[in-house]
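To keep things clear, I will list the structure first and then write my remarks on it.
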Amino acid sequence: METGFGKGCHLHLIDGSAFIFRAYHALPPLTRKSDGLPIGAVAGFCNMLHRYVEGNTGADAPTHVAVIFDKGSHTFRNDMYDLYKANREAMPEDLRPQMPLTREATRAFNIACKEMEGWEADDIIATLAVQAREAGGRCTIISSDKDMMQLVGGGVEMLDAMKNRRIDVDGVHEKFGVGPERVVDVQALAGDSVDNVPGAPGIGIKTAALLINEYGDLETLLDRATEIKQPKRRQTLIDNRAQIELSKKLVQLDENTPLDFTLEDLEVKDPEPEALMTFLAEMEFRTLSKRIADQIGVEAPVIADAPAKAADGAAADAPEDKPFDPEAYEWVKDRARLEDWAARAVAKGYVAVDTETTGLDDMVVDLVGVCLSIEPGEACYIPVAHKKGAADDLFGSEEMAEGQMSVDEVLEVLKPVLEDASVLKIFQNAKYDCKILKRYGVSVAPIDDTMLMSYALQAGLNRHGMDALSELYLSHQPISIKTLLGTGKSAITFDRVPIEDAVKYAAEDADITLRLWQKFKPQLHQQQVTTVYETLERPLSPVLAEMEMHGVKVDRDTLSRMSNAFAQKMAGLEAEIHDLAGENFNVGSPAQLGEILFDKMGLEGGKRGKNGKYSTGADVLEDLATENDLPARVLDWRQLSKLKSTYTDALQDHINPDTGRVHTSYVQTGANTGRLASTDPNLQNIPVRSEEGRRIREAFVAEPGKTLISLDYSQVELRILAHIADIEALKQAFRDGQDIHAMTASEMFDVPMEEMTPEVRSRAKAINFGVIYGISGFGLARNLRIPRGEAQDFINRYFERFPGIRTYMDDTKAFAKEHLYVQTLFGRKIHMPQINAKGPHAGFASRAAINAPIQGTAADIIRRAMIRMPEAIKDLPAKMLLQVHDELIFEVEDSAVDDTIAVARAVMEGAAEPAIKLDVPLIVDAGQGQNWAEAH
DNA sequence: CCTGTCACG
DNA sequence: GACGTACGTGACAGGG
């Protein structure tokens, strides 16, 4: 039964095309298994639609809803202006066939689906929004398209579904500087490069808003254009009047589209399970259909597996995808069954292994169980430390659950297999499991690691966690650990999970790992990254494990004394700040500080960020500090606050009670360029630049009788740039051991080296770094705090003197645009899926593309050094402890300091060879001392 | 959970 | 005076 649309009703209008394009760009090019039909955009679209429907609960839920699509490419706007949207790129080939399917998907979710030949979706949305408003109801437009901001107001709002941000009249003001009713005026002037709306040349949104606010509306402005003071602006408006008026017609949405339906037709309906399931099954969306089926309480459709198709008569070698069946996993309870699994692993030559533990810190947690998988769909779980009773018993029991073997017995059987050189052990993130097993006396080898394979194959395309990989490459959503453990305060540890449940979760992980391995292994060759995986990834993992387990000694007393000193200084500064402000406030709150500075004290230069708050970053405060004491004190306070909370306080909590040392964790797949990341704690950002901060390094000490040594590559990225871009002048300077920044300065500013001043040198230094980062006039200007034009002059001069750099940058960008990835000298691929994007993403991607081969090659070189290091120093009483991108830190017995420096330096300086012979020497500087501050 | 801020190379 | 911009990370605090 239909009800009328009126007061109390809430209409949702979804911009269908926006959903589709977001889905298309967010997902890899998935295809339907049975016939290879491109299906990624449909999958993403359905996920978004589903997530949207799920979110529709509570008082704000819509009563009416529709998804609106564009139909055809010719609209009445093309009749007015044949270049309208003319610079749009053609729809990607693999997206076109998915268009009708997105309509089917919408109908399958039982949501009204509307489009009209000759009108854009925006016009239909405009018409419906106005109808809803006139009927006294509300309307939410789910889109972030600024073209629709003209509709906001009077009960109409927009919602950016991805950012989950509502856009109301204030939001429109923020974007356009005018209210919704004047948005078209501003757009008419500013034009729109995306839609190819011409506007007035040389006038952007800022200027347009200024003019409209001054003259009231576009027509008045154009009529009175002769009154404008700026001659250029005045002439532009007079000369381009017709074009501006046309632009307004183009951006003005048609609120009277002749619709063949009414608001009443859009009433929200529950999905009909059968229709929805049929569609999802047809698309072969296993994960989604299962998830939705579970939620609405129906049976998930059975989706047949693809027949293994033979290509060119040859047998298909793609592993056949068996369905995931948690009931098929085995709970291993006795020695006989375990020995059977062990024997099968040995016979097969490989086995996927996963360990379950009581937590995340591999230096602390206990082993709870082990899982094995040898065939897809077949896996077992061997529990060793599950406790009795969990759910019903608040404290749990300390008694062991039934059906388990002892850890000792299990490892007695598995150790020979895990250490068997002829059996490959496959892990997802082997470093974690191997460290656990090492603590139980098992040295696992040889290994493969699906996480590292994914990193070698897909860096830049996706993250490399198991859940993400399973969804992306197996279309299977694994059981979430949270469903077993809960979250927050009430979370339990894995040893409290009932074994029946643990079997399903844990064994599935081993199953997934095995399937991913089968999928990725042939890919390594096809993508030509086998060498990267085998020489830069796999062998590094055990080296990192070793470093992490060794840890670095940190002196708690030193830190604690510093904490106290910082606290005192901060208290003093805080009192001063409150005094200067004339009121008490939270100095640590940027929001409160902004109000004090710019509202209460009325200082100039307050800029609001996108959340409407004033920006109070260090650069802002530094500018203010020249005139005022308060911002200067805040800067001091902030520095101390950072040092105290992040370093002197937090670091103490990371001292392992058993070892008295700090054990960081390196994330080998953390940075797309090949760099490592360090977490828990991050030991790659210990302060060094400020005197006060550097003292924190005094707390990193050597054991008595030992010394810390630090070796770091000198200007490694610039050397690599000189080599890759083949800049003879730079290369020669490095060969001659010259001061490279001074030499650059001399070349650029025609200053003889003897007469070089620190100021000129430091400018050249900034430019040298800028080049590595993908230089821009704006960025350099900000860095050097000089006018933009001046910065641009420097850059131009730099390119004149070193034309090879410009060539390198252009070639690298072109390569990236063609191949969608860039490469290091050692063959590491860093994917750049955004490189051909339009809009603001483009700049980011192209600078990242310029930087990645340089940063990545440097990362590869130090990796090679680290991999060779254990063998090189094995006869020395020395341990490698830390890596900080271009620096390695060792702890060594006092007697062997010089020997270790000599050996480690040789390894580091020769690390590129023999794979690559650089045209420039690599130079390593060394330091030593009782603590890191002295050694660095 | 997200954002701003700031520590490092 | 179109637009937004240096590259790569992780941790902490505030605030909704």
Side-chain angles (χ1 to χ4, degrees), chain A residues 163-165 189-194 199-208 210 230 232-233 586-594 609-611 613-621 635 638-639 641-647 649-651 654 664-665 667 670-690 693-694 696-697 712-713 715-717 766-767 769-784 788-789 791 795 830 839-856 858-859 862 883-887:
Chain A
K163 296 184 186 148
N164 201 20
R165 226 171 63 127
L189 286 168
D192 183 348
S193 59
V194 179
I203 292 187
I205 289 183
K206 290 278 152 60
T207 314
L210 207 76
Q230 300 87 336
K232 209 170 163 191
R233 215 176 263 179
N586 184 347
V587 181
S589 163
Q592 294 177 32
L593 176 65
K610 48 185 153 199
N611 60 5
K613 305 262 172 61
Y614 290 112
S615 167
T616 65
D619 48 348
V620 177
L621 297 189
L635 281 168
R638 279 211 184 139
Q639 192 198 8
S641 161
K642 182 78 174 183
L643 295 178
K644 182 171 187 298
S645 67
T646 311
Y647 301 105
D649 286 352
L651 224 37
H654 283 285
T664 184
S665 194
V667 191
N672 291 337
T673 52
R675 274 197 180 178
L676 302 177
S678 160
T679 66
D680 307 296
N682 181 354
L683 296 188
Q684 291 183 321
N685 72 344
I686 303 300
V688 69
R689 292 174 190 168
S690 78
R694 187 156 54 237
I696 290 169
R697 295 187 173 218
D712 69 289
Y713 285 107
Q715 288 162 343
V716 61
E717 293 191 354
I767 297 170
F769 276 105
V771 168
I772 293 172
Y773 297 150
I775 201 158
S776 76
F778 182 93
L780 185 65
R782 196 169 65 173
N783 192 288
L784 286 176
R788 204 173 140 173
I795 294 170
I830 299 114
H841 293 304
F844 280 113
S846 82
R847 288 192 298 271
I850 289 165
N851 173 260
I854 303 169
Q855 189 182 113
I862 197 166
Q883 188 249 43
V884 190
H885 308 310
D886 64 358
E887 174 187 15

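Excluded from the calculations below are hydrogen atoms, water molecules and symmetry mates; all remaining heavy atoms, backbone and side chain alike, are included. In what follows, chains carry the letters A, B, and so on, assigned in the order in which the sequence lines appear, proteins first and then strands, with residues in each chain numbered from 1. Because the structure is predicted, anything quoted here is derived from the model rather than measured.
Applying the 3.5 Å distance criterion, the base of B:dG4 shares no donor-acceptor pair with the side chain of A:R638.
Which of B:dC6, C:dT5, B:dA7 sits closest to the side chain of A:R847 comes down to C:dT5. Checking B:dG9, C:dA13, C:dG15 against the side-chain heavy atoms of A:R697 singles out B:dG9 as nearest. Comparing C:dC7, C:dA6, B:dC8 by their closest approach to the side chain of A:V688 singles out B:dC8.
Within the 4.0 Å cut-off from OP1 or OP2 of C:dA13, not a single side-chain nitrogen or oxygen of A:S589 is found. Proximity of A:R782 to the phosphate of C:dA6: a side-chain N or O atom is located under 4.0 Å from OP1 or OP2. Contact annotation: A:Q230 does not reach the phosphate of C:dG1 (side-chain N/O to OP1 or OP2, under 4.0 Å). Of the side-chain N and O atoms in A:T616, one or more sit less than 4.0 angstrom from OP1 or OP2 of B:dT5.
Side chains of A:T679 and A:S665: a donor-acceptor N/O pair is absent below 3.5 angstrom, by distance only. For the 3.5 Å distance criterion, the side chains of A:R638 and A:T616 qualify, holding a donor opposite an acceptor.
A:T207 comes within 4.0 angstrom of the backbone, heavy atoms only, and of no base. Nucleic acid contact class of A:A852 (heavy atoms, under 4.0 Å, all strands): none. The residue A:G770 sits close to a base: some heavy atom pair falls under 4.0 Å.
Spacing between C:dC3 and B:dT5 at atom C1', rounded to whole Å, works out to 25 Å. Spacing of P atoms, B:dC2 relative to C:dA6, comes out at 22 Å, to the nearest Å. Spacing of P atoms, C:dG4 relative to B:dC8, comes out at 30 Å, to the nearest Å.
With A:F778 as the aromatic partner, A:R782 does not meet the cation-pi criteria of under 6.0 angstrom to the ring centre and within 45 degrees of the ring axis.
Between the CD1 atom of A:I775 and the P atom of C:dC7 there is a distance of 12 Å, given to the nearest Å. Between A:L643 atom CG and B:dC6 atom P there is a gap of 12 Å when expressed in whole angstrom units. In this entry the distance linking CD1 of A:I854 with P of C:dA6 reads 18 Å, nearest Å. Atom NZ in A:K642 sits roughly 9 Å away from atom P in C:dA13 (whole-Å rounding). As rounded to whole Å, 16 Å separates atom P of C:dT9 from atom CG of A:D886. Look at CD1 on A:I850: it is 11 Å from P on C:dG8, rounded to the nearest Å.
In terms of heavy-atom proximity, A:P687 sits nearest to A:L643 at CG-CD2, 3.6 Å. Here the closest non-hydrogen pair linking A:Q592 and A:N586 is OE1-N, 2.8 Å.
Comparing A:N783 and A:G204 against DNA chain C, the residue whose closest nucleotide sits nearer the 5' end is A:G204. Positionally, the nearest nucleotide of DNA chain C for A:R788 lies more toward the 5' end than for the other of A:A848 and A:R788.
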With Watson-Crick and G-U wobble geometry limited to distances under 3.5 Å, how should the secondary structure of DNA chain C be encoded in dot-bracket form, using | for bases paired to another strand and [ ] for crossing pairs?
-> ......|||||||||.
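Across residues 675-687 of chain A, A:R675, A:Q684, A:N685, A:I686, A:P687 each have a non-hydrogen atom less than 4.0 Å from an atom of DNA chain B (numbered order).
In this structure, the separation between CG on A:L651 and CD1 on A:I686 is 5.5 Å, given to the nearest 0.5 Å.
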